[in-house]
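What follows is a set of notes on a single structure, which appears directly below.
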Amino acid sequence: MSSKKADKRPEARLPKGMRDIEAPELRAMERMLGTIRRVYESYGFEPLDTPAFEYTDALGKFLPDQDRPNEGVFSFQDEDEQWLSLRYDLTAPLARYVAQNFDGLPKPFRRYQTGPVWRNEKPGPGRFRQFTQFDADTVGTDNVAADAELCMLAADAIEALGIPRGSFVIRVNSRRILDGVMTAAGLGEDENARQRLTVLRAIDKLDRLGIEGVRELLGAGRKDESGDFTKGAGLNAAQIAAIEAMFGFSITVETGADGLRTPKTEGQFPKGFPSIADVPALNEGLTEVGQIIALVEAADYGDRVRFDPTVVRGLEYYTGPVIEAELTFEATDESGAPVRFGSVGGGGRYDGLVSRFKGTKIPATGFSIGVSRLYSALQALGKLETDAVSGPVVILAMDKARLGDYNRVARTLREANIRAEIYLGTSGMKAQMKYADKRGAPCVVIQGGDELARGEVTIKDLIEGDRLSGEIADHQAWREGRPAQFSVKENELVEAVRSVLARHAKASG
RNA sequence: GCCGCUGUAGCUCAGUUGGUUAGAGCGCUAGAUUGUGGAUCUAGAGGUCCCCUGUUCAAGCCAGGGCAGCGGUACCA
């Protein structure tokens, strides 16, 4: 029988696409962020933090013809009716910060930043509405050395996290190459803007759908397994062949007698289309990617960074080189099904983002790691020490009148750098033992009337006790035998606890 | 947004052609055991059978509508 009162109780539940992160993951995540931070710091980037929300117009998310914030971002109105939005990445707030503080900043300005971002989209497996990014950006230079550096930074960060060389690749392309190819294919005019977007989306899906699927999307369209039809770009066979020709473009680096490296590009369109040298955007794009490849090869990153004309990235603001960090190994999930991790980070050059706020041109380039995705990958690779922190030593509250003494015991352990806590509940000894077990305590400290009278403390090694329990079937014997416990004088407490901790550190290491 | 699948205890699930008081395992709480986490045994708590409407003497089961979750797809700064 449910009362009306009960019906009014709120349901304890998470908003969809949100999640709680508990101690083991939180600790592993923090170690991971520390590793990435050290790499970013080593390249000279400075930390910056900005607020979770910004004025919506500063984030640049207005629909062209509507006075309301775009869907996809969480927005609300301030008391003065101005629209505010939760940040959906860390780049837009950076652009605002740089524009606002431009005169006082060193140029180029280099900063790193991590924190949660929010997107109001349908959540999926491994996709949440709140997630963490870790960005490094260089603002105020159009030097491709900045883009090349980001490729190396990405490789260093991923490797520092324990992903071995050969299990990941940093793929580089340029938006100008894509634009040039589309121009060559006859899609350069303004009226083809929509078609160009469709073409980019189709190319972006090459790794997932294969060449056949991309052909369908470039042509009439494609029907997926669920029966849903995706309209294609409507290109003719010759145009499709021209786009496909791009997949064969290559860049090689030649080292001359003087030790200087010169990039050499190769590729050609089918008959009836211009040569690549005759399309300015394409030429510039290949040149800048060639320079990046030459720079990373000179620094011995050539095995981890390579040109890939199918990299597209976001459609909205990239203007030059685009980079994507991809994991190339496969793993299996709990049910044994294969999982591909794919992209764990990306970025590129966005020359228009800061300029939105100022009249002058301020080029910028950046790279962003998708922290949660990378975390799942590390987990699948077994590169996370999730149990690196053991539970605290639990001091049993045997006698309430003696809480003062127990506090002294706790303090002694803490001063010796040992995590320790007094049982703070009100239940009896049995429940306290269960509590210590559940907390993952390596041992408990027992000081009841017997020990007090002798000036001693009893230490029970829970891990050793658990092991011994396998050999004891009879509960009476288990209980009365008091396995894995011993008593020492009060002043030997720290030493005794340390010996227990050391025993298990060895056993697990 | 579109397509498909699934909704029964905290979790995983069973539930007969529609038939009385809806079950199991695990988990949880307590006792056997007043100073001992495991094992064993016993007991207990825990249910809007997703919601609404309909069919029927009778609905967890049938029909219609809705909602939610999952999977795929689209979009993704």
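Chain naming here is simple, since letters A, B, ... match the order of the sequence lines and numbering starts at 1 in each. For the numbers below, each heavy atom of this structure counts, side chains included, while hydrogens, waters and symmetry mates do not.
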*Please state the C1' separation for the pair B:rA45 and B:rC26 - nearest whole angstrom.*
16 Å
*For B:rA59, give its Watson-Crick or G-U wobble partner with both distances under 3.5 Å, or none.*
none
*Pick base, sugar-phosphate or nothing for A:Glu451, based on heavy-atom distances below 4.0 Å to the nucleic acid.*
base
*Is the closest basic N to carboxylate O distance between A:Glu54 and A:Arg87 below 4.0 Å?*
no
*Tell me what A:Gly428 touches on the nucleic acid: a base, only sugar-phosphate, or nothing, going by heavy atoms under 4.0 Å.*
nothing
*Take atom C1' in B:rG46 and the same atom in B:rU8, then report the distance between them in whole Å.*
14 Å
*asked:* I'd like the P distance from B:rG64 over to B:rU55, given in whole Å.
replied: 15 Å
*To the nearest angstrom, how far is A:Asp450 atom CG from B:rU36 atom C1'?*
13 Å
*Would you mind checking if A:Arg439 and A:Glu421 are paired as a salt bridge, meaning a charged N to carboxylate O distance below 4.0 Å?*
yes
*A:Trp118 has an atom CH2; how far is it from atom C1' of B:rC76, in whole Å?*
18 Å
*asked:* Please give the distance between the P atoms of B:rU36 and B:rG31 as a whole number of Å.
replied: 12 Å
_Under-3.5 Å donor-acceptor pair between A:Arg479 side chain and B:rU36 base_ = no
_Any A:Arg201 side-chain nitrogen or oxygen under 4.0 Å from OP1 or OP2 of B:rC76_ = yes
*Which base, if any, makes a Watson-Crick or G-U wobble pair with B:rA22, both distances under 3.5 Å?*
none
*asked:* Check this for me, if you would: do A:Glu46 and A:Arg111 make a salt bridge, where the nitrogen-to-carboxylate-oxygen distance has to be below 4.0 angstrom?
replied: no
_Atom CD of A:Glu22: over 12 foreign heavy atoms under 6.0 Å_ = no
*Does any nucleotide pair with B:rA14 by Watson-Crick or G-U wobble geometry, both distances under 3.5 Å, and what is it?*
none
*Does the side-chain ring of A:His475 sit on the six-membered ring of the B:rU33 base, less than 5.5 Å centre to centre and under 30° in tilt?*
yes
*Taking the same atom, C1', in B:rA39 and in B:rC51, what whole-Å distance lies between them?*
45 Å
_Watson-Crick/G-U partner (both atom distances under 3.5 Å) of B:rU6_ = B:rA68
*asked:* Measuring to OP1 and OP2 of B:rG37, would you say a side-chain N or O of A:Lys430 lies under 4.0 angstrom away?
replied: yes
*Quick one: label A:Asp89 by what it contacts on the DNA or RNA (base, sugar-phosphate, nothing), any heavy atom closer than 4.0 Å.*
sugar-phosphate
*Do any side-chain nitrogens or oxygens of A:Lys205 fall under 4.0 Å of OP1 or OP2 in B:rC76?*
no
*Between B:rU73 atom P and A:Lys122 atom NZ, what is the distance in whole Å?*
10 Å
*Gap in Å between the two C1' atoms, one belonging to B:rU6 and one to B:rU53, rounded*: 22 Å
*Between A:Thr50 and A:Gln113, is any side-chain donor less than 3.5 angstrom from a side-chain acceptor?*
yes
*asked:* Going by centres under 5.5 angstrom and planes under 30 degrees, do the aromatic ring of A:Tyr435 and the base ring of B:rG37 stack?
replied: no
*If you measure from the Lys or Arg side-chain nitrogens to the Asp or Glu carboxylate oxygens, is any gap between A:Glu451 and A:Lys489 under 4.0 Å?*
no
*Can you label the angle between the A:Tyr40 ring and the A:Phe134 ring as parallel, tilted or perpendicular, going by 30° and 60°?*
perpendicular
*Could you tell me whether A:Gln476 contacts a base, only the sugar-phosphate backbone, or nothing, with contacts defined as non-hydrogen atoms closer than 4.0 Å?*
nothing
*Rounded C1' spacing from B:rG27 to B:rG44 in Å*: 14 Å
Please list, pair by pair, any protein nitrogen or oxygen found under 3.5 Å from a nitrogen or oxygen in nucleotides 41-45 of chain B.
none

*Between the base of B:rU36 and the side chain of A:Glu480, is there any donor-acceptor pair under 3.5 Å?*
no
*Taking only the side-chain nitrogens and oxygens of A:Trp478, find out if one of them lies under 4.0 Å from OP1 or OP2 of B:rG37.*
yes
*Under 3.5 Å, is there a donor-acceptor pair linking the side chains of A:Asn173 and A:Tyr318?*
no
*asked:* Nearest heavy atom decides the nucleotide; on that basis, is A:Thr458 or A:Ala431 closer to the 5' end of RNA chain B?
replied: A:Ala431
*asked:* Within the 4.0 Å heavy-atom criterion, would you say A:Lys460 contacts the bases, only the backbone, or no part of the nucleic acid?
replied: base
*Name the pairing partner of B:rG1, where a pair is Watson-Crick or G-U wobble with both distances under 3.5 Å, or state none.*
B:rU73
*Answer with base, sugar-phosphate or nothing: what part of the nucleic acid does A:Leu468 contact at a heavy-atom distance below 4.0 Å?*
nothing
*According to a strict under-4.0 Å criterion, is A:Arg208 in side-chain N/O contact with OP1 or OP2 of B:rA74?*
yes
*Considering Watson-Crick and G-U wobble pairs with both distances under 3.5 Å, what does B:rG31 pair with?*
B:rC41
*Pair A:Arg408 + A:Glu490: basic N to acidic O under 4.0 Å*: no
_For atom CD1 of A:Ile472 and atom C1' of B:rU33, their distance in whole Å_ = 16 Å
*Determine the Euclidean distance between corresponding C1' atoms of B:rC52 and B:rC13; express it in Å to zero decimal places.*
27 Å
*asked:* Can you confirm whether A:Met398 sits close enough to A:Tyr406 that some side-chain heavy atom of one is under 4.5 Å from a side-chain heavy atom of the other?
replied: yes
*Report the base-pairing partner of B:rU36 (Watson-Crick or G-U wobble, both distances below 3.5 angstrom), or none.*
none
